[in-house]
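The figures here come from the full heavy-atom set of this structure, side chains too, leaving out hydrogens, waters and symmetry mates. Treat the numbers as computed from the prediction; the structure is a model and nothing was measured. A, B, ... follow the sequence lines: proteins, then strands. Residue 1 opens every chain.
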Amino acid sequence: MDNVDKEKHEKIKVTNVRNEPMKGVSKHLTLLRTTWLRSCSYVSFQPNIAPETSSLLNHCYNRDLPRAMQILDTMEKRGVFADAIAYSELIKCCLAHKAVREGKRVHNHIFSNGYRPKTFLINTLLNMYVKLNLLEEAQMVFDKMPERNVVSWTTMISAYSYAKLNDRAMKLLVFMIRDGVMPNMYTFSSVLRACERLCDLKQVHSGILKAGLESDVFVRSALIDAYSKLGELLEAVGVFREMVTGDSVVWNSIIAAFAQHSDGDEALALYKSMRREGFPADQSTLTSVLRACTGSSLLELGRQVHVHVLKFDQDLILNNALLDMYCKCGSLEDAKFIFSRMAVKDVISWSTMISGLAQNGFSVEALNLFDSMKVSGPRPNYITILGVLFACSHAGLVNEGWGYFRSMKNLYGIDPGREHYSCLLDLLGRAGKLDEMVKLIHEMTCEPDVVTWRTLLDACRAQRNVDLATYAAKEILKLDQQDAGAYVLLSNIYANSKRWDDVAEVRRTMSARGIRKEPGCSWIEVNNQIHAFIVGDKSHPQIDEINRKLDEYIRKLTDAGYVPDTNFMLKDLEGEQSEYSLRHHSEKLAIVFGIISFPREKTIRIWKNLKICGDCHIFAKLIAKLEQRHIVIRDPIRYHHFQDGVCSCGDYW
DNA sequence: CTAGGGTTAG
């Protein structure tokens, strides 16, 4: 019976030339399927089909739930039953109206004496409960089923994986197989969302191969997503490359995988191949492409994508990605323009705009925007508040920061997380309020982590509070014995107060534990080649020219009032000449090399493996003004856009 | 009756 069922369904599946299911024909499909099912003997072999059945069905098709329920009433009074098709349509009608009460009545009706619902009818009921988010009810129905087929199991598995109850979804798959029911492509594409561990995923993958279902496009895209979610991009690419037929969603999956893992170049390369193979870019594609532009700070490419976005003017997610791209690429005018003309804005739109303003140094505007959000926008969430606190922190607005921090719990019921505490601590630290910082750390509702203590440590260094700094550094090392920065700082603090024994002790510990500070490295792309620099680098072929130019700049800037800022420096353990190494920090070498290599380009784009150094920050700012360039430095923390002598990232150095 | 891709922070 199952085979017949499957065969018929495949016959009425409407596809286009590329074998993709066509949308907008579902109504006809329902009719077709219904007519066929009604003519099928196993369905209509129910005793005493009531004459009301056809009008019940009609009301259901017209989505007239009250009338349909009236008929159900009369049938119950007379003790007669309709057929399974009518009931399944009735259940679908309840679902369409989100009518829980009516749905439960139908539920009781088909389980009353004198009627034995078919598995497929119970499946419809399961689906109704699942879609109404009543998972307990669904589970109860499922538990009582005398027979469960693939659809029953798959419905439950997809319910749990959608609700992120991944353990339950995975367990159900095991039980299903133990029960002798074979998973199909629907089952696999659902269960793939629930794979949290690589070993589970590998097992599911091998199950898919054994069942010969790897060529199904749904399964393939789900596989790519699953590997991507676990950071296994090579596996994801492997699955992608095995594709023969071609499918735009599979393309979107692999592009999204790279865009989400900050490999913008690969994402963009894939996008080009996709277009070359004749697949048009849709909303999802463009969203990922924009994210790739954002990740690589490619403002001009982002602008070109913007033109294509206009085709999907009303797409919220796409507009949010566009908005974020303009914010992160430092073009706040464009961002504000997009934001102002978005017809629908959600929390993400508002949060993006608020954080974008804050991160680009427009703290007051950010806070004003938050005020108007409170009046006429959606309810702020965890991330919105983070942006607001960030704005306060950049503007040094201590009282306001406290106010927003307290109000998040009272007004919006959001519990402050570690990140909120870090923002507030940062704010207090910049204001030099070390005591308040310590007090806040003790009051925190979550355990302090490395970032918490590092914030305190930074503040202590700026305030030159040796004792507290020592304490903070030790707390960091308790949590992470390998934190090189903490050792170096601790050693510097001791050195500054001439505690040489302690300095030696720290050094001994470091070498005993084999800890070395990761060297800072900056790189820039010129003619498809990466040019990388480390401090005092002499290996670059043009190093003499770079150093000459660097000396020239430093002379010019010194005349204009530039004072090297050594306060931010980690003093070298080997005691190298610090002034010299500061002068030859990798960022400076890369910036100068960029200016030499691109005499005509407006924008110089540099990457760095560590957080940008404070002195280089000032240097970049001054060079941008002197040379009338736009210098973008991307470090693991954030983007720094230096334009006309202003760092748009908030001038907190 | 069951299945796929995209956005904010860190």
- Item | Residue A:M185, side-chain heavy atoms: nucleotide from B:dG4, B:dA3, B:dG6 that is nearest | B:dA3
- Looking at A:F362, does the NZ or CZ of A:K336 lie under 6.0 angstrom from its six-membered ring centre and within 45 degrees of the ring axis? yes
- Checking B:dG6, B:dG4, B:dA9 against the side chain of A:S288 (C-beta onward), the nearest is B:dG6
- Message: Tell me whether the side-chain N or O atoms of A:N127 pair up with the base of B:dC1 as donor and acceptor below 3.5 Å, since no angle test is needed here.
- Response: no
- Of the nucleotides B:dG6, B:dC1, B:dG4, which one has an atom closest to the side chain of A:T124? B:dC1
- Message: By nearest atom, which of the nucleotides B:dT2, B:dT8, B:dG6 is closest to the A:Q283 side chain?
- Response: B:dG6
- Message: Measure CD1/A:I383 against P/B:dT8 and give the value in whole Å, please.
- Response: 9 Å
- Message: Can you tell me which nucleotide in B:dG10, B:dT8, B:dA3 comes closest to the side chain of A:Q359?
- Response: B:dG10
- Note on the structure: Atom CZ of A:F218 and atom C1' of B:dG4 are separated, to the nearest Å, by 6 Å
- Check whether any side-chain N or O of A:R193 sits under 4.0 Å from OP1 or OP2 of B:dA3, and answer yes or no. no
- Message: Between A:H261 and A:A257 (side chain of the first, backbone of the second, donor and acceptor by atom type, cut-off under 3.5 Å), is there such a pair?
- Response: yes
- Task: For the side chain of A:E419, starting at C-beta, report the closest nucleotide among B:dA9, B:dT8, B:dT7.
- Result: B:dA9
- B:dT8 P sits how many Å from A:L389 CG, rounded? 20 Å
- Message: Quick check, does A:Y186 stack with B:dA3? I mean ring centres under 5.5 Å and planes off by under 30°.
- Response: no
- Message: From C-beta outward on A:S158, which listed nucleotide comes closest to its side chain: B:dA3, B:dT8, B:dG6?
- Response: B:dA3
- Query: A:R418 near the nucleic acid: base, sugar-phosphate alone, or nothing, with a heavy-atom cut-off under 4.0 Å?
  - Reply: nothing
- Message: Classify the ring geometry of A:H394 against A:F390: parallel below 30°, tilted from 30° to 60°, perpendicular beyond 60°.
- Response: tilted
- Query: Between A:Y404 and A:F370, does the ring centre distance come in under 6.0 Å?
  - Reply: yes
- Task: With heavy atoms under 4.0 Å as the rule, sort A:R220 into base, sugar-phosphate or nothing.
- Result: nothing
- Quick one: which of B:dT7, B:dG10, B:dT8 gets closest to the side chain of A:N320? B:dT7
- Remember a base hit wins even if backbone is also touched, and classify A:V451 as base, sugar-phosphate or nothing at under 4.0 Å, heavy atoms. nothing
- Query: Would you say B:dA9 has OP1 or OP2 under 4.0 Å from some side-chain N or O of A:K328?
  - Reply: yes
- Identify which nucleotide among B:dG4, B:dC1, B:dT7 has an atom closest to any side-chain atom of A:D225, counting heavy atoms from C-beta outward. B:dG4
- Item | Atom-to-atom span, CD1 of A:I338 to P of B:dT8 - whole angstrom | 16 Å
- Query: Which of parallel (below 30°), tilted (30 to 60°) and perpendicular (above 60°) describes A:F279 and A:W251?
  - Reply: tilted
